[in-house]
Amino acid sequence: MTTNTSQSPVPLIQEKYNGAPERLSKEANDVRARLSSNRTLPTSRPRKGAVRLPPDVSSAEFETAIKELRQAIGVENVEVNDKALVDGWYLEHPNTHDAFHIAEQEELVSSATVYPGSTEEVQTTVRWANKFGIPIYPISIGRNLGYGGAAPRVPGGVVLDLGKRMHQILNIDAENASCVVEPGVTYFKLYEEIQKRNLPLWIDTPDLGGGSVLGNAIDRGVGYTPYGDHFANHCGMELVLPNGELLRTGMGAMPGPDGTDNPTWQSFQHAFGPSVDGIFSQSNFGIVTKMGFHLMPEAQHQSYCFTFLRDEDFEHIVDLIRPLAQKRILGNIPQLRHVIQELNVTGLRQADCHTGSGPLTREEIRVAAKKLPLGECSWVFYGTQYGSTNSIAEQLEIIKAEFAKIPGSRFFLPKDLPKGHYLHDRALVCSGVPVLRELEWLNWLPNGAHLFFSPIAPTRGKDARIIHEMIVEAHKRYRFDLFPTLCVAGREIHYIVNVIYDRADPDMKDRAVRMMRELIQKCAAKGFGEYRTHLLFADQVAGTYNWNNSAFMRFNETIKDALDPKGILAPGRNGIWPKRFRGKGWELTEKDVDLRSIGPRL
Ligand code: EUG
């Protein structure tokens, strides 16, 4: 039985700001069909409860507040969340709750969604939230899947869906190689626009192209061209503070002549005085409504991959990568993946690879991998080199000489591999072309959802191995297949674990939560911390950054209370709770392994 979320074709970007590009129309419809055919849960179920109200707000007060906001910004722009919840799928995702719920589906939900159409309407909504003491939770596109999606941390919060009406590309400056975007601009949209204008510029996209350029950057997401550090490559922001005031950062703090934007706003990030941009990333100190980015001038490029035979080669591979990364011979953010990802990125399901239940055995992975184009191996390094033809050839010789030190390593170019192989998609991503290929992962289990565990590992074999072995051991004990993707930034590696689980299996969700809790704690005990995490694990992760009696969190709380005395803006995001909520049982710690219901625990 297939339960399609919708029978109509996947919306295209011409029709919907957050849709798929036409060039991926067939792929999008196909992947949706495959995901639907692997779904046993109904599209939606009747709601158990009525609207989940914001904390400490009566239903009469809520009604009054909603009425007032509707008067201010339009009835059609304030939607009460009282309908059945639909998880949908990546390209038709909800803005009412976490589509990849790890709590009960109805727990991490909003009371309403607001669609501001301008910066002024964001300011109006912020002032409204202050007046009524209602927590608001801004999203750009809401595709932060694996980290909480569109859900507010405080159930009953009001989601500010910025993307729906604020999705203009405000400027592309071809000479300066930069752009300014609103929250609703996706990688797909920015890419298509640059193609339409025929500009020799690249964007930098993460593995999936449907996310918000602005939203991903303020969450400090990663892409794979030389401009892969998204926050580092931003240049200037405009934001609404929790009291409704407007702020421009960087050179934007200086007005341009005759009321124009400052002419160097997208040229120099740091400007004069304290560099405050960073405090608006992964925080709840302001709502970013405009953001500038540097774009990379297009370049010649060559993608490739290396395979390595043995699991135990891991440490050696990492040590060979380190000098290559430090010397910038590796010019982008390459990925090191375990061969099991060759299976799921091909669209295979766990059930295709064995008959039992639980994770595949190493032997089963070997047997399945042997049938695929890269053949038997353990690790796959996906890289790309940039520059002139000669320079790329020289770089590849250096890299080949290094990796040849590992017996059995093999080198592949895209031309060596059949049409459907993942390396071809990698070549697109690493040259700034957003794709959808990675959605295949979700086919692994029925009702597939995922959660990321994302520690920072040093690019040093013996230390990376400590993290890796803890992760391997935990996956065995909690009975999960391990999908590690190591994104090499340089001196450190974002070690990303994609924990894939079945949303219809409460025991599996419970094991996923326990494994996350344990890994966060065990890694922290060795000094390894996460770079980003799902909403429900943010308190615990924030709690591991506790040097000197939690000086860092106390500093954040000082800023939070100064900027947001009423505690209305995204309370709890990244573990930062305003005074109103702090220490009142909202924090979820290491001990909170039962995450089925979310609310103050006293
Ligand atoms: C990935 C990478 C990330 C992340 C989540 C997913 C890649 C998955 C480098 O950061 O946070 C294939």
Side-chain angles (χ1 to χ4, degrees), residues 31 90 100 141 143-149 187 204-213 215-233 281-282 305 321 325 330 332-347 379-384 422-423 425-430 434-444 448-459 464 467 471 481-501 516 519-520 523 528-535 537-538 541 574:
V31 71
Y90 185 74
F100 290 167
I141 292 288
R143 289 194 179 120
N144 203 15
L145 295 159
Y147 291 123
Y187 296 100
D204 184 281
T205 173
D207 297 80
L208 288 171
S212 160
V213 175
N216 182 283
I218 58 175
D219 223 29
R220 299 204 294 265
V222 171
Y224 303 99
T225 74
Y227 286 28
D229 179 341
H230 290 166
F231 194 73
N233 287 288
S281 70
Q282 288 197 9
C305 67
I321 288 172
L330 299 174
N332 70 334
I333 299 187
Q335 283 187 348
L336 179 65
R337 297 177 166 215
H338 193 262
V339 69
I340 190 171
Q341 268 115 290
E342 291 295 305
L343 309 183
N344 64 359
V345 86
T346 304
W379 295 99
V380 187
F381 179 89
Y382 283 102
T384 304
Y422 178 63
L423 180 56
D425 291 86
R426 204 70 221 153
L428 292 173
V429 169
C430 294
V435 295
L436 286 171
R437 178 69 183 258
E438 226 75 38
L439 285 173
E440 299 294 349
W441 291 49
L442 290 169
N443 273 306
W444 192 247
H450 69 84
L451 191 60
F452 290 124
F453 175 63
S454 316
I456 295 298
T459 313
I467 297 181
I471 293 170
D481 290 300
L482 168 58
F483 299 106
T485 303
L486 287 82
C487 305
V488 181
R491 287 169 178 81
E492 60 79 24
I493 295 173
H494 287 37
Y495 186 135
I496 309 294
V497 181
N498 205 346
V499 182
I500 298 175
Y501 60 94
M516 283 286 284
L519 280 171
I520 294 165
C523 282
F528 301 122
E530 282 68 60
Y531 98 99
R532 187 176 176 191
T533 198
H534 185 282
L535 284 180
F537 299 92
V541 169
N574 281 86

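Counting starts at 1 for both ligands and their atoms, in listed order. In what follows, every heavy atom counts, from backbone to side chain, and hydrogens, waters and symmetry copies are set aside.
For the residues V345, D207, T533, the heavy atom positioned nearest atom 8 (C) of ligand 1 is part of D207. Nearest residue to atom 6 (C) of ligand 1 from Y531, F452, W441, Y147 is F452 (criterion: closest heavy atom).
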Problem set entry | side-chain hydrogen bond (donor to acceptor under 3.5 Å, both in side chains) between D207 and Q335, worked out | CA-CA 11 Å; D207 297 80; Q335 283 187 348; 3.2 Å; yes

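Taking every heavy atom of C487 and a limit of under 4.0 angstrom, the matching atoms of ligand 1 come to 9 (C). For ligand 1, the atoms closer than 4.0 angstrom to any heavy atom of Y224 are 2 (C), 7 (C). Atoms of ligand 1 lying under 4.0 Å from any heavy atom of R532, numbered from 1 in the order shown and given with element: 11 (O).
For atom 1 (C) of ligand 1, the nearest non-hydrogen atom of the protein is I496 CG2, 3.8 Å.
Shown here are the salt bridge (Lys or Arg N to Asp or Glu O under 4.0 Å) partners of E438, two or more places apart in sequence or in another chain: R337.
Note on ring orientation: taking the six-membered ring where Trp is involved, the planes of H494 and Y531 are tilted (angle from 30° to 60°). The aromatic rings of W379 and H338 sit perpendicular, their planes meeting at an angle over 60°, well past the 30° parallel limit.
For Y495, no heavy-atom contact with ligand 1 is shorter than 4.0 Å.
Ring-centre distance between Y382 and Y422: below the 6.0 Å cut-off.
Checked by atom type, the side-chain pair N443/E440 shows a donor-acceptor distance below 3.5 Å.
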